[in-house]
Visitor: 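This is the structure, below, for whatever I ask next.
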Number of protein chains: 2
Amino acid sequence: MSTVTRPPALRGDWARLAHATLSDVGHRSGAARASVIVVLEAAPCCLSAQEVVERAHERAHPVGVASSYRVLERLHSLELVRRIDLGDGVARYEAVNPGEHRHHHLVCIECGRIEPFEDARLERALHATTPPPGFSLIDHEVVMRVRCAVCGRDR
Amino acid sequence: MSTVTRPPALRGDWARLAHATLSDVGHRSGAARASVIVVLEAAPCCLSAQEVVERAHERAHPVGVASSYRVLERLHSLELVRRIDLGDGVARYEAVNPGEHRHHHLVCIECGRIEPFEDARLERALHATTPPPGFSLIDHEVVMRVRCAVCGRDR
DNA sequence: TTAGATGCAAAGATTTTGCAAGATC
DNA sequence: GATCTTGCAAAATCTTTGCATCTAA
């Protein structure tokens, strides 16, 4: 029986890495980009483009939806953020901290609550799960569908 | 090193089960429903609602998009089909044949090509990966992101 | 006959794109 | 000052819903 634990909330200096990488590739710095990066660094788990806009409005410089998508897509193409699809038709993004353990997500199919989790044995099995000849592996994504305590009560 | 193989294309009499279950729950039979079921049973892997409409038009009685979605959703709620999200913003559905090995999907991030795969070790690890207290497990979904031979050639 | 199934079209929701205005280098 | 970034609004998708019609039971 493997143990499922929450990943540590601590993260390294991801924002600095993100800005440095973007500069190296030749992109200019701007208010929207800075805001999205601040929000992503502070987030404990994945956020949708819309959620990034909301948090930016609350605790950083406001960002337009289009810019949110554009910055996220740029960070994604540089592998600075991971794009996650949990099955509700909304793309979510989270910072990829080099050296941090890979985590996956559990989702309540009733209320949509999301929690990160990591599991060493699962990670080893994924590492051993390689594609058939002719395909080169990029990565794996695991979604655990659950019912949370609140939603599971009445059934 | 675990072996990744394609699941058998053979399936049992899923269509009969689907119709029987729908009747048991009190639904009436109709042309759209029959068509969607025929298409799903014949499909070797997951299909989008739009693809179901296209195949129905080609090899069965034509079905409207709305009906495709409605029938698929109904089958999904009865756990006769699985809903799969591969990260391209399109929901896909595939028949769940009781007794058949659970399979997952690999997706080429360039061209979107999809292939089913199954892996015993991964399945055991998933079986052992349970949610934290307070959550009840429904199931796991694994997506393997790859680059296929064609798309990987030029890089 | 009656309630459910179906299809078309309109509405919703998410994501992308066009373009003018504002920053960065 | 030239070019990239940003934001608004329009467009493009995918999915759901309203409603009249058809149909199974």
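To find a chain, count down the sequence lines: A is the first, B the second, and so on, and within it residues start at 1.
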Visitor: So which protein nitrogen or oxygen atoms get under 3.5 Å of nucleotides 17-24 of chain C's nitrogens or oxygens?
Guide:
residue, atom, partner, partner atom, Å
dT24(C), O2, Arg28(A), NH1, 2.5

Visitor: So for atom CD, which belongs to Gln50(A), do other residues, nucleotides or ligands contribute more than 12 heavy atoms lying within a distance under 6.0 Å?
Guide: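 More than 12 within 6.0 Å, yes.
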Visitor: If I take atom CZ in residue Arg92(A) and atom C1' in nucleotide dT14(C), what distance separates them, rounded to the nearest angstrom?
Guide: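 Result: 12 Å.
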Visitor: Salt bridge between Glu141(A) and Arg145(B), side-chain N to carboxylate O under 4.0 Å?
Guide: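 Salt bridge flag = yes for Arg145(B) with Glu141(A).
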Visitor: Under 4.0 Å from OP1 or OP2 of dT5(D): is there any side-chain N or O of Arg74(A) that close?
Guide: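 Looking at the OP1 and OP2 atoms of dT5(D), one of them is under 4.0 Å from a side-chain N or O of Arg74(A).
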Visitor: Over how many whole Å does the gap from Asp85(A) atom CG to dT15(D) atom P extend?
Guide: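 Taking CG of Asp85(A) and P of dT15(D), I get 12 Å after rounding.
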Visitor: Tell me: CD1 of Ile37(A) to P of dT5(D), nearest whole Å?
Guide: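 Distance check: Ile37(A) CD1 to dT5(D) P gives 12 Å.
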Visitor: Over how many whole Å does the gap from Glu73(B) atom CD to dT6(C) atom C1' extend?
Guide: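 Rounded to whole Å, this separation is 17 Å.
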Visitor: Specify the residue among Val65(B) and His61(A) whose closest nucleotide of DNA chain D lies further upstream toward the 5′ end.
Guide: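 Upstream on the strand: His61(A).
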Visitor: Decide whether His103(A) and His105(A) meet the rule of one side-chain donor and one side-chain acceptor closer than 3.5 Å.
Guide: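 The criterion, which ignores hydrogens and geometry beyond distance, is satisfied for His105(A) and His103(A).
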Visitor: Do Arg33(A) and His27(A) have a side chain donor and acceptor closer than 3.5 Å?
Guide: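 Side-chain D/A pair, Arg33(A) to His27(A): absent.
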Visitor: What I want to find out is whether Arg92(A) reaches Glu94(A) closely enough, with some N-O distance under 4.0 Å, to be called a salt bridge.
Guide: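 Salt bridge: no.
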Visitor: Quickly work out the His27(B) NE2 to dT23(D) P distance and round it to whole Å.
Guide: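 Those two atoms, NE2 and P, are 20 Å apart.
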Visitor: Taking the side chain of Ser67(B) as its heavy atoms from C-beta onward, which of dT6(D), dT5(D), dT6(C) lies nearest to it?
Guide: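 When the side chain of Ser67(B) is considered, dT6(C) is the closest of dT6(D), dT5(D), dT6(C).
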Visitor: Report the residue (Val63(B) or Gly26(B)) whose heavy-atom-nearest nucleotide on DNA chain C is the more 5′ of the two.
Guide: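 Its nearest nucleotide being more 5', the pick is Gly26(B).
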Visitor: Give Ala49(A) one of three labels, base, sugar-phosphate or nothing, depending on what nucleic acid heavy atoms sit under 4.0 Å from its own.
Guide: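 Nothing: the residue Ala49(A), judged by heavy atoms under 4.0 Å, touches no strand.
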Visitor: Does Glu123(A) pair with Arg121(A) as a salt bridge, N-O distance under 4.0 Å?
Guide: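 Judged by the 4.0 Å cut-off on N to carboxylate O distance, Glu123(A) and Arg121(A) do not form a salt bridge.
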Visitor: Which nucleotide in the set dT15(C), dG7(D), dG7(C) lies at the smallest distance from any side-chain heavy atom of Ala91(A)?
Guide: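 Nearest to the side chain of Ala91(A) among the choices is dT15(C).
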